[in-house]
2 protein chains.
Amino acid sequence: MEYSDAMPDSPTVGRRERKKAATRQAIADAALDLFLEHGFEQASVRDIAERADVSTTTLFAHFPSKEALVFDREEEVDAELTAAVRERPENQSVVEALRAHALKSWVPIASDPRLHQLTALVDQTPALREYAERMWMRHAGTLSAVIAEELGREADDLACSALARFVLEIPTLTKGRHDPRATVETVFDLLIHGWQSQHDSGDAITGSCKG
Amino acid sequence: MEYSDAMPDSPTVGRRERKKAATRQAIADAALDLFLEHGFEQASVRDIAERADVSTTTLFAHFPSKEALVFDREEEVDAELTAAVRERPENQSVVEALRAHALKSWVPIASDPRLHQLTALVDQTPALREYAERMWMRHAGTLSAVIAEELGREADDLACSALARFVLEIPTLTKGRHDPRATVETVFDLLIHGWQSQHDSGDAITGSCKG
DNA sequence: TCCATAAGTGCAACCGTTTCAGTTTCTGCT
DNA sequence: AGCAGAAACTGAAACGGTTGCACTTATGGA
């Protein structure tokens with residue numbers, strides 16, 4: 001692998017950290033190449049390590065699992081969620097802040113063609129779909145706590161936990177629908193107003209008559 | 001393993017099926033024993049197959065994965081959910097039917113001490129907790145379709161999909177809380193009426209003032 | 001300059017899971 | 001009753017993700 005000779009991003013970041021980052025990037029790149037070329041299951045971690053010119057031991061020192069090679073952004077997502085709630089404008093509710101965040105950050109998956117290929121890969125690969133779903137749910141604890149704190153409630157307040165989990169279901173719920181934006185809007189309307197207001201097909205979900 | 005010589009449960013069920021069921025049961029029993037004795041990760045499938053006196057090949061012919069050894073009831077859950085919605089009394093809404101089902105079938109986990117041990121095991125084992133969560137979500141497709149059909153909506157109606165997924169989050173949400181019954185009730189109230197009605201700590205979740 | 005330590009190596013092992021080429025056991029049919 | 005064929009089961013071997021271990025190398029701070 002090659003180390004760029006551009007000037008260091010900042011004086012405090014030494015050669016060591018740069019090399020480490022480069023190694024990590026080399027592994028991620030090799031993985032993406034092989035995944036897109038042969039599919040997720042077809043590419044073995046030994047192959048990936050080989051192409052990145054590292055040992056498999058090193059590979060697993062940087063990524064906790066094969067699936068994790070695809071998703072580099074776990075921590076950032078957590079941070080963004082927290083920020084979206086904490087730093088929302090005055091006079092904006094928590095739910096509104098989450099809706100805004102969902103619309104701004106989750107809806108535009110596309111544009112970059114390479115990234116588009118990747119989402120296609122994830123959709124086609126059950127192991128990756130599952131991993132992605134779990135990935136979202138892993139943030140439920142953090143988000144729930146932030147919401148509770150922001151509203152001055154008990155850390156394990158049920159309404160907050162439930163809200164967090166339900167909001168984090170949205171990416172999954174959105175997947176495969178033609179109009180993600182409308183989907184997000186609809187789900188938030190449901191969350192805010194509840195299922196009692198469903199009257200559109202002549203029979204309310206919460207009404208009494210059988211279909 | 002030994003085959004009971006009691007009279008066949010019904011004339012149509014042959015020796016073959018009985019033996020198959022017996023084998024399956026022997027495997028499940030061996031697994032439960034070893035899991036409770038040594039923990040989930042400590043018991044290898046080879047050990048389990050050994051104790052059940054079958055080959056590992058046979059073990060995997062009966063169970064699709066090691067985790068599945070713990071959960072025998074996948075299909076029944078699906079059937080019960082469907083029945084709960086389809087065969088609800090007249091003048092009961094879908095959401096009410098689901099609430100009733102949750103209260104009747106999901107809340108009483110305990111009583112049997114062996115079963116209690118098992119839930120403890122699941123709680124302690126991340127792999128099993130994750131598997132259990134996914135197990136619930138696997139029913140989302142079925143439930144969603146049943147709800148939609150029952151209400152005469154499109155099969156992929158968003159409100160139905162969302163309702164299904166949110167309801168199936170409830171077992172996870174309930175876990176580890178002192179009063180499961182109250183938890184279920186609260187979550188259903190939130191689902192029915194939405195988060196707009198949250199005014200209890202001086203600040204509505206959907207209100208405007210920051211914490 | 002020297003040393004503690006982080007990063008990386010290579011190999012062997014473990015474990016879940018699958019494949020394969022059989023053998024045994026049952027069932028339905030004649 | 002007798003047979004063909006399917007289904008259950010076997011044993012061993014392999015594969016692929018993951019980890020442990022003993023070791024070398026590179027780096028940064030004292």
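Sequence lines set the chain letters: A, B, ... in the order given, protein chains first and strands last, and positions in each chain run from 1.
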Contact letters for nucleotides 22-30 of chain C, in which S counts primed atoms plus P, OP1 and OP2 and B counts the base, heavy atoms under 4.0 Å: ---BBS---
Heavy-atom neighbours of B/Glu154 CD exceed 12 at 6.0 Å: no
Presence of B/Thr58 side-chain N/O under 4.0 Å of D/dA8 phosphate oxygens OP1/OP2: no
OP1 or OP2 of C/dG8 under 4.0 Å from side-chain N/O of A/His62: yes
Please report, rounded to the nearest Å, how far the [atom2] atom of [N] is from the [atom1] atom of [X].
{"X": "A/Arg46", "N": "C/dT9", "atom1": "CZ", "atom2": "P", "result": "15 Å"}
{"X": "A/Lys20", "N": "D/dT27", "atom1": "NZ", "atom2": "C1'", "result": "13 Å"}
{"X": "A/Phe63", "N": "C/dA7", "atom1": "CZ", "atom2": "C1'", "result": "15 Å"}
{"X": "A/Phe60", "N": "D/dG16", "atom1": "CZ", "atom2": "P", "result": "13 Å"}
{"X": "A/Leu59", "N": "C/dC11", "atom1": "CG", "atom2": "C1'", "result": "16 Å"}

Those residues of residues 64-72 of chain B lying under 4.0 Å from DNA chain C by at least one heavy atom: B/Ser65, B/Lys66
Those residues of residues 31-45 of chain B lying under 4.0 Å from DNA chain C by at least one heavy atom: B/Ala43, B/Ser44, B/Val45
Salt bridge or not between [X] and [Y]? Use side-chain N to carboxylate O under 4.0 Å.
{"X": "A/Glu130", "Y": "A/Arg134", "value": "yes"}
{"X": "A/Arg86", "Y": "A/Glu149", "value": "yes"}
{"X": "A/Arg114", "Y": "A/Asp33", "value": "yes"}

Contact list for residues 54-68 of chain B, test salt bridge (charged side-chain N to carboxylate O under 4.0 Å, His left out), sequence neighbours left out: none
Pairs meeting criterion salt bridge (charged side-chain N to carboxylate O under 4.0 Å, His left out) with involvement of residues 40-50 of chain A, two or more places apart: none
Partners passing salt bridge (Lys or Arg N to Asp or Glu O under 4.0 Å) against B/Lys175 (at least two apart in sequence or in another chain): B/Asp123
Pairing residues for A/His62 by the ring-ring contact (aromatic ring centres under 6.0 Å, His included) criterion, not counting sequence neighbours: none
Partners meeting ring-ring contact (aromatic ring centres under 6.0 Å, His included) with B/Tyr131 (sequence neighbours left out): B/Phe71
Side-chain donor-acceptor contacts of residues 164-173 of chain A below 3.5 Å, not counting sequence neighbours, with atom names and distances?
unit_1, atom_1, unit_2, atom_2, d
A/Arg165, NE, B/Glu169, OE1, 2.4
A/Arg165, NH2, B/Glu133, OE1, 2.9
A/Arg165, NH2, B/Glu169, OE1, 3.3
A/Glu169, OE1, B/Arg165, NE, 2.4
A/Glu169, OE1, B/Arg165, NH2, 3.2

Expected rows: protein N/O vs nucleotides 1-3 of chain C N/O, under 3.5 Å:
none

Spacing of CD belonging to B/Glu37 relative to CG belonging to B/Leu34, to within rounding of 0.5 Å: 6.5 Å
Qualifying ring pair (Phe, Tyr, Trp, His ring centres under 6.0 Å) pairs, either residue in residues 32-56 of chain B, two or more places apart: B/Phe35-B/Phe40
5'-most by nearest nucleotide on DNA chain C - A/Arg24 or A/Thr56: A/Arg24
base_contact_polar (D/dG11 base, B/Thr57 side chain, donor-acceptor, <3.5 Å): yes
Side-chain H-bond candidate by donor/acceptor type, B/Thr58 with B/Ser55, under 3.5 Å: yes
Contacts under 3.5 angstrom, residues 77-85 of chain B side chains, donor-acceptor by atom type, not counting sequence neighbours:
unit_1, atom_1, unit_2, atom_2, d
B/Asp78, OD1, B/Thr142, OG1, 3.0
B/Asp78, OD2, B/His139, ND1, 2.3
B/Thr82, OG1, B/Asp78, O, 3.0

